[in-house]
Amino acid sequence: MRVLIDTNVLISAALNPGGVPSQAYQKAASYPNRGLICEQNVDELKRIFNKKFPSRLAALDRFLSVALLTLELVATPLDELNEESLIRDIKDRPILRAAIEAQADVLLTGDKDFLESGIKNPAIMTPAEFVSLKT
């Protein structure tokens with residue numbers, strides 16, 4: 001299963017290695033699954049850590065150095081898709097675009113804009129839903 005991991009899950013996994021988002025991240029990055037992140041995720045991670053967690057930048061660097069060895073970095077297409085109109089926050093739309101372009105089966109997120117969008121493909125799941133999924 002191809003799983004695009006949203007920024008909020010990556011942040012939680014980086015800050016709290018024992019939490020459910022970290023478990024979901026590890027499951028997404030482990031066989032038989034294939035974890036994906038997009039360029040937008042990496043940019044957001046760096047921006048958010050610089051703003052909200054500047055004292056944890058070394059932890060982010062360590063997390064990313066391992067993550068980028070195990071996850072596939074996919075492009076964030078520029079051309080908008082019709083499905084994007086279902087996402088309220090326009091800043092989240094490139095992540096959906098990347099998931100669709102990368103043919104992700106699952107978009108792993110805790111973001112309400114995705115969870116309440118009604119989008120079916122890719123399936124949008126919370127970390128808890130993904131962890132409990134039998135794969």
Side-chain angles (χ1 to χ4, degrees):
M1 186 177 320
R2 293 175 62 79
V3 182
L4 191 124
I5 307 165
D6 194 13
T7 309
N8 58 63
V9 175
L10 294 168
I11 290 170
S12 295
L15 293 174
N16 184 8
V20 173
S22 181
Q23 293 170 26
Y25 160 78
Q26 291 171 21
K27 181 176 180 177
S30 301
Y31 183 83
N33 299 311
R34 181 76 180 140
L36 313 170
I37 58 172
C38 66
E39 298 156 342
Q40 177 91 3
N41 294 131
V42 176
D43 293 343
E44 281 184 354
L45 271 171
K46 290 177 180 178
R47 183 175 38 78
I48 291 168
F49 265 76
N50 276 316
K51 183 178 179 182
K52 294 185 177 185
F53 310 107
S55 65
R56 305 289 305 271
L57 286 171
L60 173 64
D61 287 341
R62 284 190 301 277
F63 177 81
L64 278 176
S65 66
V66 172
L68 292 172
L69 292 173
T70 58
L71 301 175
E72 180 181 338
L73 182 63
V74 299
T76 306
L78 298 176
D79 294 334
E80 294 182 12
L81 303 171
N82 291 335
E83 299 92 322
E84 290 181 45
S85 64
L86 298 171
I87 304 296
R88 291 182 299 242
D89 186 347
I90 61 171
K91 294 177 189 170
D92 288 333
R93 292 177 180 180
I95 293 172
L96 174 64
R97 200 178 310 144
I100 291 170
E101 177 73 19
Q103 299 179 339
D105 300 296
V106 172
L107 175 60
L108 183 60
T109 186
D111 188 319
K112 278 191 198 182
D113 285 330
F114 285 117
L115 295 168
E116 296 174 354
S117 69
I119 293 171
K120 301 293 181 212
N121 189 21
I124 299 176
M125 294 185 183
T126 66
E129 291 168 335
F130 186 70
V131 166
S132 67
L133 188 68
K134 303 293 183 221
T135 56

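Hydrogens, waters and symmetry mates play no part in the numbers below; they use all other heavy atoms, side chains included.
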Taking all non-hydrogen atoms of both residues, which atom of [X] and which atom of [Y] are closest, and how far apart?
X	Y	answer
Arg97	Asp79	CD-O, 2.9 Å
Leu45	Thr7	N-CG2, 3.9 Å
Val106	Met1	CG2-SD, 3.4 Å

Heavy-atom side-chain proximity of Val74 to Cys38 below 4.5 angstrom: yes
Quick one: are Ile124 and Ser117 in side-chain contact, heavy atoms under 4.5 Å? yes
Working to the nearest 0.5 Å, report the span between CG of Asp6 and CG of Leu96. 10.5 Å
Checking side-chain contact (heavy atoms from CB on, under 4.5 Å) between Val3 and each of Leu107, Leu108, Ile37, which is the one that passes? Leu108
Candidate list Asn41, Leu71, Leu36, test side-chain contact (heavy atoms from CB on, under 4.5 Å), partner Ile5, passing option: Leu71
N/O donor-acceptor pairs under 3.5 Å from side chains in residues 9-25, not counting sequence neighbours:
from  : atom 1 : to    : atom 2 : distance (Å)
Ser12 : OG     : Asn8  : O      : 3.2
Ser22 : OG     : Pro17 : O      : 2.8
Ser22 : OG     : Gln26 : NE2    : 3.2

State yes or no: do Phe114 and Val131 share one hydrophobic cluster built from I, L, V, M, F, W and Y residues joined by side-chain heavy-atom distances below 4.5 Å, directly or via other members? no
Hydrophobic cluster identity match, Ile90 and Leu86, side-chain contacts under 4.5 Å: no
What pairs of residues pass the salt bridge (Lys or Arg N to Asp or Glu O under 4.0 Å) test when at least one of them lies in [range], not counting sequence neighbours?
range	result
residues 101-116	Arg88-Asp113, Arg88-Glu116
residues 41-57	none
residues 63-77	Arg2-Glu72, Arg34-Glu72

Got a list of side-chain donor-acceptor pairs under 3.5 Å for residues 57-70, not counting sequence neighbours?
from  : atom 1 : to    : atom 2 : distance (Å)
Ser65 : OG     : Asp61 : O      : 3.4
Ser65 : OG     : Arg62 : O      : 2.8
Thr70 : OG1    : Ala67 : O      : 3.3

What residues form a side-chain hydrogen bond (donor to acceptor under 3.5 Å, both in side chains) with Glu39, not counting sequence neighbours? none
